[in-house]
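Taking it in order: structure first as C-alpha cells, then the write-up.
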Amino acid sequence: MHDIRFIRDNPELFDAAMARRNIDPVAQDILALDTERRHIQTELQTQQSRRNDVSKEIGKVKGSGGNAEALMAEVADLKHSIPALEAEDARLEQALTSHLMGLPNILEDFVPEGADEADNELLRVVGSPPSFSFTPLDHVALGEALGQMDFASAAKLSGARFVVLQGQLARLERALASFMLDIHTTEFGYHETVPPVLVRTQTMTGTGQLPKFEEDLFRTTDDRWLIPTAEVPLTNLVADSIIPRTDLPLRMTAYTPCFRAEAGSAGRDTRGMIRQHQFSKVELVSVVAAEESDAELDRMTACAETILQRLELSYRVLRLCNGDTGFSAQQTLDIEVWLPGQNDGEGMFREISSCSNCGPFQARRMKARTRVEGEKETAFVHTLNGSALAIGRCMIALLENGQQEDGSIMLPKALHSYMGTDKLVPSA
RNA sequence: GGAGAGGUGGCCGAGUGGCUUAAGGCGCACGCUUGGAAAGCGUGUUGGGGUUAACGCCUCACCGGGGUUCGAAUCCCCGUCUCUCCGCCA
C-alpha cells in the first residue's frame, strides 16, 4: 500500500509512477477522498470532544444531586450527528483503502522500460551450457523413460497440471530441499521455518495477493486460502509488530508446497512439470531496515545463485522491466536456468528464481515496523522475498542438463551424498 | 464436534456503569544518592489518526465487530483466539 502523505506531497510524481504500471492518473481522486475524510474527522472529533465533556459534567451534576436535564438535551443532539459522521468517516476510509490497496508498488527509477519479458535487462550469464553429441530430450521424455515421472496417473488423481514422482525422482525432490535448506541455514544465516500453507484473507492481503488476484488462488470451503508461495506466511510473521532495530535483519527460509490456480495461463506450458497447480519451493524472506534493502536484494540473489553454481547449472540473471514486474515489487531480479531439452532440443533459459525487493509496500499493508531503541519514531520495515529455488524446475534442469545418451542422468557432486548415488537410472 | 473458563500496557495483574487521567508490581530509561556499584528515592515509559510553524490540543483503540446508555474495560449480541475436560484423530 502507498503512503497517503507521499501522494499529498507529490501527486504528479505518484501519477508518473503509476503511469509506468499502465495505470491512469489517480492522485486527484485519492486526494479528494482524503481531503473530505480529514474534514469529516475534524468535525467528528470536535463533537466527540464535546460529548465527552458534557457526559463528565452530567456525572458531576448527578453526583451532587443536581438537575442535568439541560446537559442531557445537548447530548441528545450529538447522538444523532456523531453516528452520521462516524458512518461517513468509515465510508470514506473504506473507499480510500480499497483504492490504495488496488494500486501496485512504485518501481525504482532504474527499472528498465518495456512491455514484457522480452524487454528485461540482462545483467550476467554464468556458466556454460553442456554440449551433447546427440539431440537432448526434454524432462518429460527423460522422466518417463526413467519410469519415475507419471503424468497420466496424476491426471487420474487430480486432473491436468499435476505429477506423480516415484523412486529416485521422489527422493530427488527431498534431496534438493535438504540440500538447499542446509546451505541457506548454515552458510547464509536464514532461520529454518515450517509455516502453515493455509492462511486467512488478511494474510493474503498483507503481501498483496489480495484483494486483486483472487483468481490466481485456491480457496477452501472454510474461507482460507492455499498459499501460492511461502513468501505469504513468512513475511506475515512480522505483521502488526514493532521490531527492535537491533533484531534486523530477519532472514527466514522454508520448504513448502505452493498452489496456483494458473487461471490466466490456459494453454501455456501445458507439457511437463514447468507449470503445475502444485509445486514445492524453498523460499527466502528477509525483513530489513529501509537503508539495507538494496544490498539485501543482491545478497539474496547471490544466495539463490549459489545453489545453481553448486548444482553446476548455467544460468543468467535479469532485471525485470516495468511490464514484467509483479504487483508488490519495486524491483525484481529473475534467475533463468538453461534447459537444453526445451525448444525441440535447441534449449532455452527458463525462470527458476525470482527475487524481489518490496520496499515498505507490504510492510505498510501489514503494519510491520521497526524502531531504534530509545527513540519514539517507528519506520516501516522493507521486505524481500526470493525463490532459492523452485524444486520442480530445478529437477527439470538436472534431468535435462545431466542426461546421457543411454538415458541415465549424471548428478552433480553436491547431491551425491543426499542421493546415495551419482546418477539416476531407470526403475527396474 | 460438545461443555466450561478466559483475552486489560513490553510483561504480570487490579478493575461488575461516572471518583480510570487504566491501580499496583516487574522490566526499561533518566536523575538524585555513592569513591564506584547495588539498594533506596524521584521522574518518565503504548499505538494509530486529526490539528498546529512549533509547544501543544483533540480523538480513537482494554482480542475484533455491532448494540444498550447522557456516559462502557465494565452490561448485551456476533465473531475470533487461548486454556481445561470430553469426543475424534496422525
Side-chain angles (χ1 to χ4, degrees), chain A residues 1-9 30-101 194-206 210 220-225 233 236-248 250 256-257 360-381:
Chain A
M1 192 157 75
H2 296 287
D3 182 0
I4 185 69
R5 274 170 286 201
F6 175 82
I7 304 176
R8 271 178 216 157
D9 296 341
I30 290 170
L31 291 181
L33 284 171
D34 178 51
T35 302
E36 191 184 356
R37 170 153 189 249
R38 283 190 290 162
H39 175 75
I40 295 285
Q41 276 191 329
T42 302
E43 180 59 25
L44 171 63
Q45 290 176 8
T46 303
Q47 294 196 15
Q48 283 172 327
S49 178
R50 181 64 190 156
R51 180 195 60 192
N52 292 344
D53 289 345
V54 174
S55 292
K56 271 179 205 150
E57 195 60 28
I58 290 171
K60 277 187 199 153
V61 171
K62 284 193 167 180
S64 58
N67 185 326
E69 282 190 22
L71 292 169
M72 288 175 70
E74 179 178 353
V75 180
D77 286 341
L78 295 176
K79 282 198 62 155
H80 290 102
S81 55
I82 287 178
L85 288 167
E86 282 174 342
E88 184 64 2
D89 179 46
R91 186 187 71 79
L92 290 166
E93 187 199 2
Q94 216 282 323
L96 199 53
T97 301
S98 72
H99 214 133
L100 291 174
M101 279 290 188
V194 179
V197 302
L198 286 176
V199 300
R200 300 174 185 284
T201 295
Q202 185 181 335
T203 306
M204 282 293 185
T205 306
L210 291 177
T220 64
T221 53
D222 69 346
D223 234 15
R224 279 179 252 265
W225 306 83
N236 276 281
L237 281 171
V238 298
D240 291 311
S241 66
I242 300 175
I243 301 158
R245 179 67 180 74
T246 47
D247 288 1
L248 299 179
L250 295 178
T256 68
F361 184 82
Q362 294 178 323
R364 199 173 282 115
R365 294 168 86 95
M366 64 175 75
K367 296 180 179 58
R369 292 154 291 169
T370 184
R371 175 164 51 203
V372 174
E373 182 125 17
E375 291 188 3
K376 186 165 170 55
E377 293 297 306
T378 61
F380 288 109
V381 296

Please state the [atom1] separation for the pair [N] and [M] - nearest whole angstrom.
N      : M      : atom1 : value
B:rA73 : B:rG66 : P     : 15 Å
B:rU33 : B:rG40 : C1'   : 8 Å
B:rG42 : B:rU52 : C1'   : 33 Å
B:rG44 : B:rC57 : P     : 15 Å
B:rU74 : B:rG64 : P     : 11 Å
B:rC76 : B:rU16 : P     : 13 Å
B:rC28 : B:rC86 : C1'   : 45 Å
B:rU84 : B:rG65 : C1'   : 27 Å

Using Watson-Crick or G-U wobble geometry with both distances below 3.5 Å, tell me the partner of [N], or none.
N      : value
B:rA23 : none
B:rU74 : none
B:rC30 : B:rG42
B:rA14 : none
B:rG1  : B:rC86
B:rG47 : B:rC60

Would you check if the side chain of [X] reaches a backbone N or O of [Y] as a donor-acceptor pair within less than 3.5 Å?
X        : Y        : result
A:Arg37  : A:Leu92  : no
A:Ser49  : A:Gln45  : no
A:Thr370 : A:Ile243 : yes

- Scan for salt bridge (Lys or Arg N to Asp or Glu O under 4.0 Å) pairs involving residues 39-51 of chain A, sequence neighbours excluded, and state none if there are none.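 The answer is A:Arg50-A:Glu74.
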- Query: What does A:Arg8 touch in the nucleic acid at a heavy-atom separation under 4.0 angstrom: a base, only the sugar-phosphate, or nothing?
  - Reply: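 Sugar-phosphate, backbone atoms only, no base.
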- Counting any heavy atom closer than 4.0 Å, what does A:Thr378 reach on the DNA or RNA strands: base, sugar-phosphate only, or nothing?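 Counting heavy atoms under 4.0 Å across all strands, the contact made by A:Thr378 is with sugar-phosphate only.
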- Which residue lies more 5' along RNA chain B, comparing A:Arg369 with A:Ile58 via nearest heavy atoms: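 It is A:Arg369 whose nearest nucleotide is closer to the 5' end.
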- Message: I want to confirm an ordering. Mapping A:Arg50 and A:Glu57 to their closest nucleotides on RNA chain B, which one lands closer to the 5' end?
- Response: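 This one resolves to A:Glu57.
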- Query: Between CG of A:Asp247 and CZ of A:Arg371, what distance do you get to the nearest 0.5 Å?
  - Reply: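 A:Asp247 atom CG to A:Arg371 atom CZ measures 12.5 Å (nearest 0.5 Å).
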- Message: Distance check, rounded to the nearest 0.5 Å: A:Arg200 atom CZ versus A:Asp223 atom CG?
- Response: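 Going from CZ on A:Arg200 over to CG on A:Asp223, the span is 10.5 Å.
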- Task: Anything under 4.0 Å to a heavy atom of chain A counts; send over the first and last such nucleotide of RNA chain B, read 5' to 3'.
- Result: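 Nucleotide range in contact with chain A: B:rG18 to B:rC81.
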- With a 4.5 Å limit on heavy-atom distance, are the side chains of A:Leu198 and A:Asp222 in contact?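 Not touching, per the 4.5 Å side-chain cut-off.
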- If you look at every heavy atom in A:Gly206 and A:Met366, which pair is closest and at what distance?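 So the minimum-distance heavy-atom pair works out to O-CE, 3.5 Å.
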